[in-house]
Amino acid sequence: MDVLALAKEIIDGRRLTREDDLSFFLTCDLDDLCKGADQIREARIGDKVDLCSIINGRSGRCPEDCKYCAQSAHHHTNCEIYDFLPEEKIVELCKLNESEGVNRFSIVTAGKALTGKEFDKAIHAYETMHRECKIDLCASMGFLSAEQLHRLHEAGVTSYHHNIETSRRNFPNICTTHTYDMKIETLKKVKAEGMCACSGGIIGMGETWEDRLDMAVSLAELGIDSIPINALMPIPGTPLEHLKELSEEDILRTIAFFRYINPDANIRLAAGRALLTNDGEKAFQAGASATITGNMLTTVACATIRSDRQMLTDLGRDVTPDYWKEA
């Protein structure tokens, strides 16, 4: 398979499906694959880079048993534990990220779902941010109902994040307290609400290359708009603590074929950027078009918002948020 010729076909409208033999992605020349992925990114997304940042709005004591996560109550980690943060702290950080030129700000909460009084607090915080800020707003609060998603949307939230984590086949090896189908149904509700759907996963959890391809195809089938790709940073106290960190070459190959399979989505760098040259410079030349910036949830990134903006500017990318352009 000529991956550069395939890139041109995808730019012209071809879409890869589950019926296609995708195994060539695993053996083709990496430089050519990355070059083709970058061509697709340039043609389908352009030079705009979407920067998002997060605040961990509620931490620890999560009843789910996801094997990678420091916040699970099933594991013994040094994770911070606290209830939903005061609105003042959330709004303050939102305004700080807006002043730094981030495109989108998200509250992320531990737990199966945010409910009750804490969900009401989140709604009020979003209403305040929507009223006082111009930055786009996102949420990541687990398995919400269609009614809850609608309330978030009315409060000013335009994007909802909910990772599928891995392939359907591999999912039971990673989590047993909820199902892959529950995640799919949540994402369908997000799409039905008319919100931007953000969903990706973690690579390096012991899955096969075929699992990674399957995850990429599943996200394409769902029409996901933003795909965060996390490279596992093994956390002491979790069941995956002894896994070997991925090589940069493996991460780049994954990002590149995700771009081929999801040509119109934002492929977003997330946790694990410390494994990449200059916090992901090569990845942005291999199909990536977005990133989480600043600190991750439970692993600290090396990059800052300003260093990300500088690195991307040096690559010739556009990191000016729309609300700055409007001003």
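For clarity, every value in this text was computed on a predicted model and none was experimentally measured. We're numbering straight along the sequence, starting at 1.
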D181 and T179 side chains, donor-acceptor separation under 3.5 Å: no

E19 and T17: side chain donor to acceptor below 3.5 Å: yes

Pair R273-T291, side-chain donor/acceptor within less than 3.5 Å: yes

Pair Y68-E165, side chain to side chain donor-acceptor pair (under 3.5 Å): steps then yes or no: CA-CA 10 Å; Y68 56 84; E165 308 302 1; 2.8 Å; yes

Stepwise side chain to side chain contact (heavy atoms under 4.5 Å, CB included) test for I54 and S140: CA-CA 9 Å; I54 60 179; S140 181; over 6 Å; no

salt_bridge(D264, R15) N-O dist < 4.0 Å: yes

Side-chain donor-acceptor pair present, T158, R104, cut-off under 3.5 Å: no

Salt bridge (charged side-chain N to carboxylate O under 4.0 Å, His left out) evaluation trace for E98 with K134: CA-CA 8 Å; E98 182 175 85; K134 295 181 179 179; over 6 Å; no

Taking every non-hydrogen atom, the tightest pair across L187 and I164: CD1-CG2, 3.6 Å

Parallel, tilted or perpendicular: ring planes of H178 versus F171, cut at 30 and 60 degrees: tilted

Intermediate values then yes/no, side chain to side chain contact (heavy atoms under 4.5 Å, CB included), M215 and L219: CA-CA 6 Å; M215 177 168 66; L219 294 166; 4.1 Å; yes

Worked check of salt bridge (charged side-chain N to carboxylate O under 4.0 Å, His left out) between R61 and D83: CA-CA 10 Å; R61 293 195 297 260; D83 293 327; 2.6 Å; yes

Interatomic spacing from CG in L246 to CG in N230 - rounded to 0.5 Å: 11.5 Å

Backbone of D318 reached by a side-chain donor or acceptor of D47 within 3.5 Å: no

Donor-acceptor under 3.5 Å (Q148 side chain, L114 main chain): yes

Residue pair S289 / R259: nearest heavy atoms and the distance that separates them: OG-NH2, 3.0 Å

From CG (L315) to CD (E281), nearest 0.5 Å: 5.0 Å

Linked, directly or transitively: I81 and V108 (ILVMFWY side chains, under 4.5 Å): no

Test item: R253 side-chain N/O and F25 main-chain N/O as donor-acceptor pair under 3.5 Å: yes

N/O donor-acceptor pair under 3.5 Å between H75 side chain and C66 backbone: yes

Shared hydrophobic cluster, Y180 / I174 (ILVMFWY, side-chain heavy atoms < 4.5 Å): no

Any donor-acceptor pair under 3.5 Å from Y160 side chain to K191 backbone: no

N97 side-chain N/O to L93 backbone N/O, donor-acceptor pair under 3.5 Å: yes

Short side-chain donor-acceptor distance under 3.5 Å, R309 and T304: no

Distance (rounded to the nearest 0.5 Å) between M205 CE and T166 OG1: 5.0 Å

Polar contact flag, side-chain donor to acceptor under 3.5 angstrom, T128-E87: yes

F119 backbone acceptor or donor facing R151 side chain under 3.5 Å: no

Close side-chain approach of I292 to H161, heavy-atom, < 4.5 Å: no

Any donor-acceptor pair under 3.5 Å from S59 side chain to E80 backbone: yes

Whether D225 side chain and A197 backbone form a donor-acceptor pair below 3.5 Å: yes

Worked verdict on I123 versus L152 for side chain to side chain contact (heavy atoms under 4.5 Å, CB included): CA-CA 6 Å; I123 291 293; L152 283 172; 3.8 Å; yes

Flag, side chain of H162 to backbone of T186, donor-acceptor distance under 3.5 Å: no

Same cluster (ILVMFWY, side-chain, under 4.5 Å), L213 and V217: yes

From CA spacing to verdict: side chain to side chain contact (heavy atoms under 4.5 Å, CB included), V49, D308: CA-CA 10 Å; V49 177; D308 277 343; over 6 Å; no

Shortest non-hydrogen contact between V91 and M129, atoms and distance: CG2-CG, 3.9 Å

Polar contact flag, side-chain donor to acceptor under 3.5 angstrom, D65-T177: yes

Heavy-atom pair of closest approach, residues L252 and A286: CD2-CB, 4.3 Å

Same apolar cluster (I L V M F W Y, side chains within < 4.5 Å links), I227/I202: no

Linked, directly or transitively: L26 and I229 (ILVMFWY side chains, under 4.5 Å): yes

Residue pair K117, D120: steps toward the salt bridge (charged side-chain N to carboxylate O under 4.0 Å, His left out) verdict: CA-CA 5 Å; K117 291 182 178 179; D120 291 336; over 6 Å; no

Smallest separation among heavy atoms of F143 and A113, with atom names: O-CB, 3.4 Å

For I55 against F105, the heavy-atom pair lying closest together: CG2-CZ, 3.5 Å

Polar side chain donor-acceptor pair, R268 to S226, under 3.5 angstrom: yes

